[in-house]
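A short write-up of the structure that comes next.
Note that the coordinates shown come from a computational prediction; the quantities given were computed from them, not determined experimentally. Start at 1 and go down the list; that is how both ligands and their atoms are numbered.
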Amino acid sequence: MPEQPDIDHILREIYATLSPRFGEGKVADYIPQLARVDTRQFGMAVLTLDGATHLVGDAETAFSIQSISKVLMLTLALGKHGESIWNRVGREPSGSAFNSIVQLEAEHGIPRNPFINAGAIVMTDLLLAGHTPREAIGEMIRFVRSLADDEGIVIDQAVAKSEQATGDRNRALAYFMHAYGAIRHPVDHVLGVYFHHCAVAMTCRQLARTGLFLANDGRDPVGGGSVVSRSRARRINAMMLTCGHYDQSGDFAYRVGLPGKSGVGGGILAIAPGHAAIAVWSPGLNAQGNSLLGSVALEMLAQRTGWSVFG
Ligand code: GLU
């Protein structure tokens with residue numbers, strides 16, 4: 001059995017190394033709630049399978065999880081519809097920006113994967129089957145709270161409203177897919193639910209707790225319940241590894257070697273199967289819309305712990 005790394009020490013080291021760089025990168029500015037976030041914040045949480053919680057920096061400050069919610073949308077859609085979801089969305093890295101329209105036309109309205117916006121919008125359409133938008137939103141937030149074992153997690157209504165107000169590009173994607181029959185519910189219902197998913201606010205600690213089942217073969221190591229089957233957990237991790245960072249997914253796999261999903265709020269959820277769930281938050285983004293220092297921090301953590309899905 002390899003020695004358990006000293007995670008608290010590693011986190012302190014990462015924090016000290018990166019602190020001169022806090023503030024690097026550019027915040028997402030398409031809505032005021034993200035534009036005004038102080039870029040100098042940095043937090044990281046590592047939750048190991050033995051139930052230990054390791055925190056550094058602003059790990060207890062809530063931020064907008066944005067596209068990290070796409071992992072939850074995929075998990076819920078798989079739970080509701082099983083493997084048939086793959087008739088509606090692909091499983092290939094996109095190599096394009098998160099909100100690209102070009103590829104969608106070339107591929108007849110079938111999104112490349114569930115983690116680009118178009119794919120997540122299709123997942124949301126699947127979650128609406130048999131539900132009103134309000135029920136679908138309720139189901140999602142209950143799921144998040146039960147995974148995180150925290151009733152305090154909320155949707156930031158101001159963010160949801162701003163997403164609605166500025167969401168023309170997502171509307172364009174959704175109408176386009178509706179024209180192809182790739183979306184079956186009214187576009188405003190689907191996007192209403194999608195925007196509320198993106199607007200969930202969580203701290204690094206809550207986010208890592210939410211993802212812990214993915215590090216433990218689909219079971220919650222603390223509560224003991226099964227969230228998804230072992231093979232499904234592996235497959236969700238495979239999607240995160242290959243598609244979790246938009247057109248930078250290959251680079252993230254190369255540098256970090258762990259499944260991860262980023263959001264434009266500056267958060268990243270990473271999974272070290274058999275070891276831990278990790279959440280990092282640093283609002284400054286790189287050119288591909290992924291947290292700049294968050295990716296560097298994960299690269300340092302992976303190097304120092306030796307965690308990798310590649311052996
Ligand atoms: N709410 C954002 C959008 O739909 C999410 C994008 C992201 O986090 O990458 O445009």
| message | Test of understanding: with side-chain hydrogen bond (donor to acceptor under 3.5 Å, both in side chains), list the residues that count as partners of Glu299, not counting sequence neighbours. | response |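 Partners of Glu299 by the side-chain hydrogen bond (donor to acceptor under 3.5 Å, both in side chains) criterion, ordered by chain and then number, come out as Arg255.
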Just need the protein heavy atom nearest to [atom], so name the residue and atom and give the distance.
{"atom": "atom 4 (O) of ligand 1", "value": "Tyr194 OH, 2.7 Å"}
{"atom": "atom 7 (C) of ligand 1", "value": "Ser67 OG, 2.6 Å"}
{"atom": "atom 1 (N) of ligand 1", "value": "Gln66 OE1, 2.6 Å"}
{"atom": "atom 10 (O) of ligand 1", "value": "Asn117 ND2, 3.2 Å"}
{"atom": "atom 9 (O) of ligand 1", "value": "Tyr246 OH, 2.6 Å"}

| said: Between Gln41 and Trp281, is the side-chain contact (heavy atoms from CB on, under 4.5 Å) condition met? List the steps. | reply: CA-CA 8 Å; Gln41 297 174 96; Trp281 173 55; 3.5 Å; yes
| Proximity to ligand 1 by part of Arg169, non-hydrogen separation under 4.0 Å |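 Neither; no heavy atom under 4.0 Å.
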| task | Would you mind telling me if ligand 1 is within reach of the side chain of Asn170, the backbone, both or neither, using heavy atoms under 4.0 Å? | result | side chain
Subset of ligand 1 atoms that lie under 4.0 Å from at least one heavy atom of [X]:
{"X": "Cys198", "result": "1 (N)"}
{"X": "Gly263", "result": "8 (O)"}
{"X": "Glu163", "result": "1 (N), 2 (C)"}
{"X": "Tyr30", "result": "1 (N), 2 (C)"}

Minimum heavy-atom distance between [X] and [Y], given as atom pair plus value:
{"X": "Lys80", "Y": "Leu126", "value": "CE-O, 3.7 Å"}
{"X": "Ala272", "Y": "Trp307", "value": "CB-CE3, 3.7 Å"}
{"X": "Ser282", "Y": "Ser291", "value": "O-OG, 2.8 Å"}

| message | So, regarding Val264 and ligand 1 (criterion: nitrogen or oxygen to nitrogen or oxygen, under 3.5 Å), is there a contact or not? | response | yes
| Considering distance alone, does some N or O of Ser262 sit under 3.5 Å from an N or O of ligand 1? |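 It does not: no N or O of Ser262 is found under 3.5 Å from an N or O of ligand 1.
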| message | Is there a side-chain contact (heavy atoms from CB on, under 4.5 Å) between Met202 and Val144? Walk through the geometry before answering. | response | CA-CA 10 Å; Met202 273 198 248; Val144 176; 3.5 Å; yes
| Taking C-beta and beyond as the side chain, do Leu104 and Met177 meet within less than 4.5 Å on heavy atoms? | yes
| With a 4.5 Å heavy-atom cut-off, do Ile278 and Leu298 have their side chains touching? | yes
| How about Phe22 and Tyr15: are their ring centroids closer than 6.0 Å? |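 Yes.
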